[in-house]
Amino acid sequence: MHTVVDHPLLRHRLAILRDKETPPKLFRELVHEITRFLAFEALRDIPTEKVVVHTPMGDTTGEKVAAHVVVSPILRAGMGMLDPMLEILPYATAGVIGMKRNEETAEPIPYYLNVPPARPDSRVVLVDPMLATGGSGCDAIAALKEKGYRNITFLCIVSCPEGIARVEREHPDVPVFTAVIDERLNDRHYIVPGLGDAGDRLFGTL
Ligand code: PRP
Ligand code: URA
């Protein structure tokens with residue numbers, strides 16, 4: 001299942017994000033802001049528990065998040081989405097996954113995995129700005145499942161039909177939230193129109 005999170009303020013930011021003249025600092029700020037929009041939609045169903053709150057005017061009831069949330073960025077570009085997630089989920093932990101696509105084949109090569117132990121109530125939010133062939137995302141989800149995680153949500157900013165279809169085929173239990181589904185992949189496995197290489201644009205390594 002996938003959801004396109006659509007909002008005029010999000011579309012405005014996407015247009016600047018795609019622009020090849022947008023420098024890394026602004027690019028990072030936009031990734032940060034867009035991630036918050038995605039997170040609000042993706043975490044709508046996060047469990048809460050009732051708590052008593054003592055206001056200066058008396059007592060009332062409120063709600064507090066009651067889930068063990070692990071935010072899992074796929075290195076490198078997913079790092080740009082980690083901070084905004086941890087800001088809105090102050091009790092969350094991070095589980096880092098390193099994957100690098102082979103430039104020729106687009107096959108993901110895993111190089112790092114450091115995730116906290118899974119608990120029965122754990123929920124993982126996997127974050128990566130780009131869902132292209134779907135190889136990195138699917139392998140990251142498989143690695144998380146191997147570590148015992150069952151409740152996984154995938155947040156990406158720019159996706160394409162090929163990547164969405166692959167996640168839905170290999171991991172039908174993982175909902176995908178994306179800001180946009182672009183037209184297609186080109187013959188180098190890049191998303192068109194896309195925004196280029198997200199890691200390079202985030203970290204200025206073009
Ligand atoms: C990019 C991106 C995703 C992956 C998406 O990372 O951040 O992880 O490609 O492509 P896929 O869906 O075809 O797997 P890349 O491997 O270029 O590494 P980087 O973030 O270090 O630049
Ligand atoms: N990774 C990127 O950073 N961009 C693409 O278009 C595809 C994969």
Side-chain angles (χ1 to χ4, degrees), residues 2 4 13-32 34-35 38-39 70-85 94-115 124-145 152-172 174-206:
H2 65 271
V4 178
R13 284 165 174 78
L14 264 178
I16 307 170
L17 190 76
R18 288 185 193 277
D19 189 334
K20 65 181 182 189
E21 301 301 333
T22 297
K25 183 170 186 296
L26 179 55
F27 192 93
R28 286 193 293 274
E29 288 166 4
L30 290 160
V31 166
H32 193 103
I34 291 169
T35 301
L38 296 174
V70 179
V71 183
S72 248
I74 303 180
L75 300 178
R76 262 179 320 169
M79 292 300 284
M81 300 173 75
L82 177 61
D83 273 357
M85 293 300 298
V96 177
I97 302 174
M99 296 264 173
K100 177 76 191 148
R101 292 201 317 175
N102 174 308
E103 298 279 336
E104 301 297 322
T105 63
E107 280 301 311
I109 302 161
Y111 61 87
Y112 187 73
L113 182 66
N114 190 340
V115 296
V124 182
V125 185
L126 180 67
V127 293
D128 190 325
M130 309 304 281
L131 172 56
T133 65
S136 306
C138 284
D139 282 13
I141 294 166
L144 289 164
K145 287 181 175 174
I152 304 169
T153 302
F154 188 8
L155 263 60
C156 59
I157 296 177
V158 180
S159 62
C160 62
E162 295 90 331
I164 296 270
R166 180 159 173 186
V167 176
E168 289 184 338
R169 191 171 64 247
E170 293 187 19
H171 299 287
V174 175
V176 177
F177 289 82
T178 182
V180 68
I181 303 177
D182 275 4
E183 199 184 313
R184 62 183 172 88
L185 290 175
N186 69 11
D187 55 7
R188 291 178 49 234
H189 314 283
Y190 274 81
I191 298 174
V192 180
L195 48 74
D197 187 304
D200 283 341
R201 297 206 57 190
L202 267 167
F203 299 114
T205 49
L206 281 172

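In each ligand, atom 1 is the first atom listed, and ligand 1 is the first ligand listed. All of these numbers come straight from a predicted model, not from anything done at the bench.
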For the side chain of [X] and the backbone of [Y], is there at least one donor-acceptor N/O pair under 3.5 Å apart?
X	Y	result
Ser136	Pro108	no
Ser159	Ile164	no
Arg101	Gly135	no
Thr178	Ile157	yes
Arg76	Phe203	no

Hey, is Arg166 close enough to Glu162 for a salt bridge, meaning N to O under 4.0 Å? no
Extract all N/O-N/O pairs under 3.5 Å that connect ligand 1 to the protein, and present each with both atom names and the distance rounded to 0.1 Å.
unit_1   : atom_1 : unit_2 : atom_2 : d
ligand 1 : 7 (O)  : Asp128 : OD1    : 2.9
ligand 1 : 8 (O)  : Asp128 : OD2    : 2.5
ligand 1 : 12 (O) : Ala132 : N      : 2.9
ligand 1 : 12 (O) : Thr133 : N      : 3.1
ligand 1 : 12 (O) : Gly134 : N      : 2.8
ligand 1 : 13 (O) : Arg101 : NH1    : 2.8
ligand 1 : 13 (O) : Thr133 : N      : 2.9
ligand 1 : 13 (O) : Thr133 : OG1    : 2.6
ligand 1 : 14 (O) : Ser136 : N      : 2.9
ligand 1 : 14 (O) : Ser136 : OG     : 2.6
ligand 1 : 16 (O) : Arg101 : N      : 2.8
ligand 1 : 20 (O) : Arg76  : N      : 3.1
ligand 1 : 20 (O) : Ala77  : N      : 3.1
ligand 1 : 21 (O) : Arg76  : N      : 3.4
ligand 1 : 21 (O) : Arg76  : NE     : 3.1
ligand 1 : 22 (O) : Arg76  : NH2    : 3.0

Please report the interatomic distance CG(Leu144) to CD1(Ile152), rounded to the nearest 0.5 Å. 5.0 Å
Using side-chain hydrogen bond (donor to acceptor under 3.5 Å, both in side chains) as the criterion, list what pairs up with Lys100, not counting sequence neighbours. none
Quick one: side-chain hydrogen bond (donor to acceptor under 3.5 Å, both in side chains) partners of Thr133, sequence neighbours excluded? none
Taking only heavy atoms of the protein into account, state which residues are under 4.0 angstrom from an atom of ligand 2, in chain and number order. Arg101, Met130, Ala132, His189, Tyr190, Ile191, Gly196, Asp197, Ala198
